[in-house]
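The block underneath contains the structure these notes are about, expressed in structure tokens.
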There are 2 protein chains.
Amino acid sequence: MKITDEIIHVAIVEDDEEISRTLGLIIDGTKGFACKHIYNSCEEALKLLPETFPDVVLMDIHLPGITGIEGIKKLKPKMPGTDFIMLTIQQDDESIFESLVAGASGYLIKDIPPTELLNSIREVYAGGSPMSSAIARKVISSFHNNDPSPLSDRETEILKLLCDGKNYRVIADQLFISSHTVRTHIKNIYEKLQVNSRAEAVQKAFKNKLV
Amino acid sequence: MKITDEIIHVAIVEDDEEISRTLGLIIDGTKGFACKHIYNSCEEALKLLPETFPDVVLMDIHLPGITGIEGIKKLKPKMPGTDFIMLTIQQDDESIFESLVAGASGYLIKDIPPTELLNSIREVYAGGSPMSSAIARKVISSFHNNDPSPLSDRETEILKLLCDGKNYRVIADQLFISSHTVRTHIKNIYEKLQVNSRAEAVQKAFKNKLV
DNA sequence: GGGGAAATACAGCATTTGTGGTATTTTAAC
DNA sequence: GTTAAAATACCACAAATGCTGTATTTCCCC
């Protein structure tokens with residue numbers, strides 16, 4: 001259920017009213033764009049936004065109450081046809097990464113010139129993902145895996161089985177060693193990963209791409 | 001061991017000699033750039049490239065013998081300070097994804113205008129990741145997770161704490177509920193995720209991006 | 001206003017886990 | 001050829017976990 005005229009319908013979620021007003025005026029005043037819906041918080045957007053069928057939503061991250069990232073997580077499934085662009089001052093890897101995972105299709109920094117912002121909205125509407133070259137580098141860095149594993153081959157092997165929830169006896173049988181040995185390996189793994197439970201080990205295994 | 005003058009040293013790995021010659025002339029003829037090394041295959045590059053300490057390598061994917069993707073996998077560890085840009089006609093998700101995992105820092109399509117190519121080389125040299133908005137969309141699509149979580153908000157909250165290795169009592173205290181309730185929630189989480197251990201739950205949480 | 005999740009709470013029990021040790025053998029490195 | 005790291009093996013015990021139940025309250029949807 002998308003409004004299908006020539007106009008790109010844009011909504012804004014932003015708590016700084018001066019910014020959102022200025023932004024809204026610029027967008028709404030540009031040929032080919034409409035911006036009739038501005039929300040001060042995710043709570044408000046959550047209630048009202050899905051009914052307005054926007055093409056593109058500009059979303060701040062730092063908001064009172066629910067963050068923009070959590071907001072997208074909840075909104076995106078309700079409106080899969082709508083593209084979300086983060087428009088924020090946050091530039092840390094965490095924010096970028098989590099926003100994209102949450103469902104954002106673009107990531108822009110607030111100091112972007114209005115002309116470029118409008119271009120970016122056009123791009124996302126056309127199926128692209130506008131972001132600066134610097135942001136893109138941070139994104140693709142997450143594909144890279146530089147730091148070498150602190151674990152030995154055997155330990156990595158055991159960590160994989162740990163991740164599958166196998167108990168000591170099963171692991172022992174599978175590797176043809178005693179379960180005592182498995183316990184020793186696991187102690188060493190925990191030591192090296194600086195954890196003290198299986199759950200943490202599994203978490204670290206995935207976060208650090210050890211498996 | 002990087003050559004540290006004002007010039008960006010570019011190498012090209014490309015089997016179509018007309019393309020590589022033209023490209024080389026354009027780059028080498030531009031102020032601030034040098035392009036003295038062109039290779040027709042990865043095998044050749046593998047032997048000679050690491051000795052020339054280039055800043056940026058333009059790499060084709062479709063090559064006779066070793067592909068550009070396999071080439072980067074072997075070359076990048078030998079020259080971590082060098083940035084690789086894929087310059088190719090391939091636009092499929094596989095090629096893009098695998099190139100970036102292999103270690104590429106940029107991804108451009110061969111029909112890019114020379115001026116933009118030069119800009120992209122500058123960008124990657126400055127620590128960015130040049131790619132078109134359309135390519136970027138494909139990249140970030142790999143972060144997205146369409147299938148909705150089967151878990152309730154509360155369950156997700158508890159799953160996060162489970163991932164951190166918190167025990168029942170700690171989780172209970174943190175959420176101001178009894179540890180009995182925590183156990184019930186966890187039973188339901190395991191049921192919904194079709195697992196029967198904490199480790200499997202954590203694994204599934206990460207693989208299905210539930211946390 | 002009735003049905004169904006979701007969230008809450010409680011109890012018992014066998015199994016598994018985490019952690020404190022000690023100790024031998026093999027492999028790799030210098 | 002000595003040293004270090006890795007892989008192997010064993011013991012014991014307190015704590016945590018997984019499983020099988022039952023049960024109430026709240027809230028949302030039809």
Side-chain angles (χ1 to χ4, degrees), chain A residues 43 46-51 66 70 73-75 77-78 147-206 208 210-211, chain B residues 147-206 208 210-211:
Chain A
E43 285 83 346
L46 236 22
K47 259 186 260 160
L48 305 170
L49 191 53
E51 306 308 314
I66 300 176
E70 290 303 315
K73 270 188 206 161
K74 291 179 198 293
L75 281 166
K78 291 186 187 170
D147 12 279
S149 169
L151 304 180
S152 70
D153 288 352
R154 195 55 154 177
E155 285 163 353
T156 303
E157 211 174 349
I158 287 174
L159 180 56
K160 277 180 196 156
L161 298 169
L162 269 189
C163 289
D164 291 335
K166 306 274 174 66
N167 68 30
Y168 298 157
R169 199 169 2 82
V170 172
I171 295 175
D173 289 351
Q174 200 160 334
L175 300 181
F176 305 107
I177 55 181
S178 92
S179 65
H180 297 291
T181 308
V182 173
R183 293 172 86 92
T184 307
H185 278 306
I186 290 175
K187 265 187 287 188
N188 294 333
I189 292 171
Y190 287 5
E191 174 73 27
K192 285 184 180 177
L193 299 185
Q194 293 281 298
V195 301
N196 44 35
S197 74
R198 187 184 279 231
E200 290 175 279
V202 175
Q203 183 175 52
K204 213 143 216 178
F206 277 89
N208 299 0
L210 302 176
V211 294
Chain B
D147 8 288
S149 169
L151 304 180
S152 70
D153 287 354
R154 193 56 153 176
E155 283 162 356
T156 303
E157 210 174 350
I158 287 174
L159 180 56
K160 277 181 198 157
L161 297 170
L162 270 187
C163 290
D164 291 336
K166 305 275 173 70
N167 69 30
Y168 298 156
R169 200 173 0 84
V170 172
I171 295 175
D173 289 351
Q174 199 159 333
L175 301 181
F176 305 108
I177 56 180
S178 91
S179 66
H180 297 292
T181 307
V182 173
R183 292 172 88 94
T184 307
H185 278 306
I186 290 175
K187 260 188 294 184
N188 294 332
I189 291 171
Y190 286 6
E191 173 73 29
K192 286 183 179 177
L193 298 184
Q194 294 281 298
V195 302
N196 44 34
S197 73
R198 185 184 279 233
E200 288 176 279
V202 175
Q203 184 174 51
K204 214 144 216 177
F206 278 91
N208 298 1
L210 302 176
V211 292

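- Proximity of Y168(B) to H180(B): side-chain heavy atoms (C-beta onward) are nowhere separated by under 4.5 Å.
- Atom CG of D153(B) is separated from atom CD of E70(A) by 9.0 Å, given to the nearest 0.5 angstrom.
- A donor N or O paired with an acceptor N or O is not found under 3.5 Å between the base of dA6(D) and the side-chain atoms of S152(A).
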Atom pairs, N/O to N/O, protein against nucleotides 13-17 of chain C, distance under 3.5 Å?
unit_1, atom_1, unit_2, atom_2, d
dT16(C), OP1, N167(A), ND2, 3.4
dT16(C), OP1, R169(A), NH2, 3.0
dT17(C), OP1, R198(A), NH2, 2.9
dT17(C), OP2, Y168(A), N, 3.3

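- The H180(A) side chain lies nearest to dC10(D) when the options are dA7(D), dC19(D), dC10(D).
- For I177(A), whose side chain is taken as the heavy atoms from C-beta onward, the closest listed nucleotide among dA7(C), dT19(C), dT8(D) is dT8(D).
- Within the 4.0 Å cut-off from OP1 or OP2 of dA6(D), at least one side-chain nitrogen or oxygen of K192(A) is found.
- S178(A) contributes no side-chain N or O that forms a donor-acceptor pair with the base of dC10(D) under 3.5 Å.
- Atom-to-atom, CG of L175(B) to C1' of dA7(C) comes out at 12 Å; the value is rounded to the nearest Å.
- In this structure the side chain of D164(A) never reaches within 4.5 angstrom of the side chain of S197(B), judged on heavy atoms.
- Spacing between atom CD of Q194(A) and atom P of dG18(C) amounts to 16 Å, rounded to whole angstrom units.
- Going from atom CZ of F176(B) over to atom P of dA9(C) covers 12 Å, rounded to whole Å.
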Using side chain to side chain contact (heavy atoms under 4.5 Å, CB included), reason through I158(B) and I186(B) one step at a time and then give a plain yes or no. CA-CA 8 Å; I158(B) 287 174; I186(B) 290 175; 3.9 Å; yes
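- The nearest whole Å value for the distance from the CG atom in N188(B) to the C1' atom in dG21(D) is 13 Å.
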Is there a side-chain hydrogen bond (donor to acceptor under 3.5 Å, both in side chains) between T181(A) and T184(A)? Walk through the geometry before answering. CA-CA 5 Å; T181(A) 308; T184(A) 307; 5.9 Å; no
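- Using a 4.0 Å cut-off between charged side-chain N and carboxylate O, K166(B) and D173(B) make no salt bridge.
- Put simply, CD on E191(A) is 14 Å from C1' on dA5(D), counting in whole angstrom units.
- Taking every side-chain heavy atom of T181(B) into account, dA9(C) is the closest of dA9(C), dA9(D), dA7(C).
- Distance CG (L193(A)) to P (dG18(C)): 13 Å, rounded to an integer number of Å.
- In this structure, E157(A) atom CD and dA7(D) atom C1' are separated by 12 Å, rounded to whole Å.
- When each of V182(B), L175(B), V211(B) is tested with L161(B) by the rule side-chain contact (heavy atoms from CB on, under 4.5 Å), just one qualifies, namely L175(B).
- The shortest distance between the side-chain N/O atoms of H185(B) and the OP1/OP2 oxygens of dA6(C) is not below 4.0 Å.
- Taking atom CZ of R154(A) as the reference point, atom P of dT26(C) lies 15 Å away to the nearest angstrom.
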